[in-house]
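For the single chain, residues carry numbers from 1 onward in sequence order.
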Amino acid sequence: MGVTQSLGLPPGKGSYPVGCTDVMVGPAQKGLFFRLFYPCVPQDGAEQPTWIPRYEYFCGIADYMNLNRKWCAPLLNMTFGSCRIPVSWDASFQPSSHKYPVIIFSHGLGAFRTAYSAICIEMASRGFLVVALEHRDHSASATYFCKLDPDAPDGPGSRVHEEWLSYQGVPKDQKEFRFRNPQLHQRASECVRGLKLIRSIDNGKVPVNLLRTGFDLSALKGNVDLTKVAVMGHSFGGATAILALVKEAQFKCAVALDPWMFPLENSLYPKVTKPVLFVNTESFQTPESVAKMKKITTTSGESKIITILGTVHQSQTDFTFLTGNLVNRVFQTRGTIDPYEGLDITNRAALAFLQKHLQLKEDFDQWDDLVEGIGNYIVPDSPLQKSSL
């Protein structure tokens, strides 16, 4: 057995201990798969889950980066395979009289449900129930679904078969928008279905978790505040969050982390009337992309655009904490800002925005200035030129 490594992910800074579990429900590919982060009962010596849960994800990362999986996947596995995240696996849910608001989280292109654990942990530690989806539109580096075996010797459902879905790039004979836009709509629909599933569980209709973890989903019943629901995502997931905000009335607002605006159709922008917080990195966005964001801020007066200086696109993912590794140097997973400080700014701005638009009775308004782009390493709108950080 290898020695367990520390990924460097910070624990949540809120008052709630954080637990997590994996949930897979529904028929085959049309079902849902997500990691659930939640406030939990304190648990000494609890198991911490691995960051990248299966070897197949290393193969998928290699495919997404157009690298040979025969050498890349084993190297990634050797480097990160034993890394764990600072939460309690399958810990008991902490009931609450005030009920928990909900965030549905959408990952970026080539990512997966655990790639934003740092942000999800922080949100859960602040009293949110976070549903981190793993999309089944072939935009994840890899994902899988389970099919019940009707001929299992111990009866139907006593055994399941796994089928994997691999990442798919744009076919050579197809325009990128025509390929990505349908994926975007599937992803947004999965966000909506994720919310409907939580609503169903809260009403006492608990589905079968095909993964058969030790977590009792029925514990959520009566503990979810379905009047305070937001959608959040990074890159392709940021665009997904914006579209989901339009598709589902129950989403009150969206937090779009460095969103990839390209896959959104132009006809959508006038329909975005609810608040969106755009938290951009310094190096990723183009003037054309920012102009699309400003169409939304024009339609929705409560929407805001801020940029964190010294950051790169991967600064809002867990990969930014892989400092000192060859992977970081080659693939530019961190900028010039300290990654922990960058994460704090991202989380605090999001929390302040969520408090206002979900009408939370917390102290997150202490970071209201960040939403206006006021503070160290942060500016309103988008800088016209690179900073010297």
Side-chain angles (χ1 to χ4, degrees), residues 14 16 18-27 30-41 87 89-107 113-114 116-117 119-136 143 145 186-233 237 240-241 243-255 274 350-351 354 357-360:
Y16 294 93
V18 178
C20 80
T21 192
D22 282 335
V23 180
M24 185 182 292
V25 300
K30 294 183 179 180
L32 286 173
F33 187 20
F34 57 90
R35 176 154 287 187
L36 181 68
F37 295 84
Y38 55 90
C40 74
V41 175
V87 296
W89 178 251
D90 275 355
S92 297
F93 180 77
Q94 177 66 66
S96 174
S97 58
H98 72 265
K99 298 188 178 183
Y100 298 113
V102 180
I103 295 173
I104 307 294
F105 195 99
S106 174
H107 65 73
R113 70 189 184 282
T114 66
Y116 302 87
S117 293
I119 289 175
C120 294
I121 290 168
E122 177 64 12
M123 295 297 127
S125 81
R126 300 287 182 174
F128 287 88
L129 192 71
V130 185
V131 175
L133 292 166
E134 190 161 283
H135 292 294
R136 288 174 165 172
T143 190
F145 59 91
Q186 178 178 333
R187 292 164 131 261
S189 295
E190 288 173 348
C191 291
V192 173
R193 287 195 285 124
L195 174 57
K196 289 181 178 178
L197 178 66
I198 297 300
R199 184 189 307 148
S200 178
I201 294 172
D202 188 58
N203 289 332
K205 298 178 182 177
V206 181
V208 174
N209 185 356
L210 297 175
L211 300 180
R212 305 185 190 281
T213 66
F215 182 76
D216 182 9
L217 285 171
S218 67
L220 303 182
K221 181 182 177 182
N223 285 285
V224 183
D225 191 342
L226 292 167
T227 68
K228 303 182 190 312
V229 183
V231 60
M232 187 174 186
T240 303
L243 179 57
L245 187 65
V246 173
K247 282 181 175 282
E248 173 53 55
Q250 204 161 1
F251 288 131
K252 302 298 184 184
C253 60
V255 178
K274 289 178 284 187
L351 287 166
L354 292 171
H357 297 291
L358 298 184
Q359 298 180 337
L360 305 177

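- In this structure, Gln359 places its CD atom where only 12 or fewer heavy-atom neighbours from other residues, nucleotides or ligands lie under 6.0 Å away.
- Glu190 pairs by the salt bridge (Lys or Arg N to Asp or Glu O under 4.0 Å) definition with nothing, not counting sequence neighbours.
- Checked against the 6.0 Å centroid criterion, the rings of Tyr38 and Phe215 qualify as a close aromatic pair.
- Counting all heavy atoms, side chain and backbone alike, Leu210 lies closest to Gly26 at CD1-O, 3.8 Å.
- Taking CZ of Phe251 as the start and CD1 of Ile103 as the end, the distance is 11.0 Å to the nearest 0.5 Å.
- Annotation: side chain to side chain donor-acceptor pair (under 3.5 Å) contacts of Ser96 (sequence neighbours excluded): His98.
- Residues that satisfy the side chain to side chain contact (heavy atoms under 4.5 Å, CB included) test with Ala230, not counting sequence neighbours, are Cys253, Leu354, Leu358.
- Taking 4.0 Å as the cut-off between side-chain N and carboxylate O, Asp202 and Lys221 do not count as a salt-bridged pair.
- With contacts defined as side-chain heavy-atom distances shorter than 4.5 Å, the pair Ser117/Phe37 qualifies.
- In plain terms, the two heavy atoms of Leu245 and Ala254 that are nearest each other are CD2-CB, 3.9 Å.
- Arg187 places a side-chain N or O within donor-acceptor distance of the main-chain N or O of His107, the cut-off being under 3.5 Å.
- For Tyr100 and Phe93, the ring centers sit closer than 6.0 Å to each other.
- Tested against Ser106 for a side chain to side chain contact (heavy atoms under 4.5 Å, CB included), the candidates Leu243, Val231, Thr240, Val131 yield a single pass: Thr240.
- In terms of modelled atom types and a separation under 3.5 Å, the side chain of Asn223 and the main chain of Gln94 share no donor-acceptor contact.
- Put simply, the side chain of Arg193 gets close to the backbone of Lys30: a donor and an acceptor are under 3.5 Å apart.
- The backbone N or O of Ser218 lies less than 3.5 Å from a partner atom in the side chain of Asp216, making a donor-acceptor pair.
- Between the side chain of Gln250 and the backbone N or O of Leu226, at least one donor-acceptor pair lies under 3.5 Å.
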